[in-house]
Amino acid sequence: GKRWFLALKGARFDGKTFVPDALSSEDCAGVILEQGGKRLFLESARAAGKGLIVGGAEGGLTCLHGLAKYVRGHYDGKVVGIT
């Protein structure tokens, strides 16, 4: 299946740098961005036929948590956590 690219911003990097590469990949279903990234990538995502999710003020990590919660809620198998 196709995968979503989550463009997180860290102390030493900004995931938005890699969004053009993600959108051009055949394996990419879409991109999840922090608030404010929509203007930069909306047209590129549309042209590539990809999805674009823009998080609220909480940022991309909150989007990731919401996505994980949704997927976990629809998964009936066992989950093992390794730390």
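Keep in mind that what you see is a predicted model, and the values were worked out from it rather than measured.
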Looking only at heavy atoms, which two atoms of [X] and [Y] are closest? And how far apart?
X     : Y     : answer
Lys2  : Glu26 : NZ-O, 3.3 Å
Ile32 : Trp4  : CG1-CE3, 3.9 Å
Ala22 : Cys28 : O-CB, 3.0 Å
Leu42 : Leu52 : CA-CD2, 3.7 Å
Gly51 : Ala45 : O-CB, 4.4 Å

* Taking atom CG of Leu23 and atom CZ of Phe18, what is their separation to the nearest 0.5 Å? ->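 Interatomic distance, Leu23 CG to Phe18 CZ, rounded to 0.5 Å: 13.5 Å.
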* To do: In sequence, state the C-alpha distance, the side-chain angles, and the governing distance for Phe41 and Leu33, and then conclude on side chain to side chain contact (heavy atoms under 4.5 Å, CB included).
  => CA-CA 9 Å; Phe41 301 109; Leu33 295 168; 3.7 Å; yes
